[in-house]
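Right, one structure below, let's go through it.
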Amino acid sequence: MGFLGDSLRRFLYPPACPRCARATPGDLLCEGCAATVTAASAPPPPPGIDALLAPYRYDGAVRDLLLRLKYGGDRHPLAALASLLVAAVDAQALGRPDAAVPIPATWVRRRRRGFNQAELLARAAADALGIPVLPQALRRNVFSRPQAALSGAARAANLRGAVHPGDGLFGRAVLLVDDVMTTGATLTAAATAARAGGARRIAALVLAVVEA
Ligand SMILES: [Zn+2]
């Protein structure tokens, strides 16, 4: 957490399942916790997205770990989440993107946590695909409100104009990366901004999807 460096944490806490603390190699999920991970039922891409890969349900260990990462500011779950994401990455299904673009967090939220979890997941996916990450390609208004506090319609309104294109999008086939998809409004808003920035194709990779 925060100032406690990774090497120091590694020394104090040997590799363990980030959900139940049983010893595991590489901080991955233990067998019992991995069994709580369930496949999503291939949700259709939201408007503006050419191809979507959302492999897991927002449930079980995936949900527990994302909540820890998001609200606890604890990076320990990252290795397990990145490994799940990388296991599902499929360049063909995503239309062979040439750059990964994390959905941006507001500066305020990023500062509170010390990192943007979408960016950390984007780095893992990009490594697996052998493509660069463009962390500044999309930017978010400082003053947009946290999406989790808002209803579907309010989410769309909150995001309209809140995501802006930055540099490096022109002519690219981009892969938007985020942690959780609910209504898909966030991805649609990001896709609109990416197209405004000149992206020619937009795929999306989301670790988990909230299914009714
Ligand atoms: Zn476990």
Side-chain angles (χ1 to χ4, degrees), residues 1-43 52-91 93-94 100 102-105 109-131 133 135 146-149 175-184 186-187 204-212:
M1 312 226 206
F3 56 85
L4 188 60
D6 276 352
S7 52
L8 178 57
R9 197 184 60 75
R10 190 70 52 213
F11 174 74
L12 294 171
Y13 308 102
C17 172
R19 185 164 180 256
C20 73
R22 190 166 290 138
T24 55
D27 285 332
L28 298 181
L29 287 172
C30 71
E31 238 175 90
C33 290
T36 70
V37 175
T38 49
S41 52
L52 170 70
L53 214 51
Y56 307 105
R57 295 186 107 171
Y58 184 66
D59 207 358
V62 170
R63 179 175 180 276
D64 294 346
L65 296 189
L66 280 171
L67 287 173
R68 285 255 309 274
L69 191 66
K70 203 160 187 169
Y71 299 106
D74 173 9
R75 281 174 187 250
H76 186 194
L78 187 69
L81 291 171
S83 152
L84 287 168
L85 188 68
V86 165
V89 162
D90 180 340
L94 293 168
I103 298 296
R109 301 197 69 185
R110 190 193 169 98
R111 189 179 148 93
R112 196 185 304 148
R113 272 200 298 269
F115 58 85
N116 172 10
Q117 74 281 359
E119 184 177 334
L120 299 177
L121 293 172
R123 290 195 181 282
D127 278 356
L129 290 164
I131 58 176
V133 184
Q147 288 294 93
L175 176 63
L176 301 175
V177 182
D178 208 356
D179 54 353
V180 182
M181 181 175 102
T182 47
T183 63
T186 303
L187 287 179
L205 174 64
V206 181
L207 180 71
V209 59
V210 177
E211 291 187 337

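Atoms within each ligand, like the ligands themselves, are counted from 1 in listed order.
Listed by chain and residue number, nothing satisfies the side chain to side chain donor-acceptor pair (under 3.5 Å) test with R63 (two or more places apart in sequence, or in another chain). In this structure D64 satisfies the side chain to side chain donor-acceptor pair (under 3.5 Å) test together with R19, sequence neighbours excluded.
Counting only protein atoms, the N, O or S atoms lying less than 2.8 Å from the Zn ion (ligand 1) are C17 SG, C20 SG, C30 SG, C33 SG, ordered by chain and residue number.
Judged purely by atom type and a 3.5 angstrom limit, T182 has no side-chain atom pairing as donor or acceptor with the backbone of V210.
Distance OH/Y58 to CG/L67: 3.5 Å, rounded to 0.5 Å. Interatomic distance, L175 CG to L205 CG, rounded to the nearest 0.5 Å: 5.5 Å.
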For residues 78-89, which side-chain donor-acceptor pairs fall under 3.5 Å, sequence neighbours excluded?
none

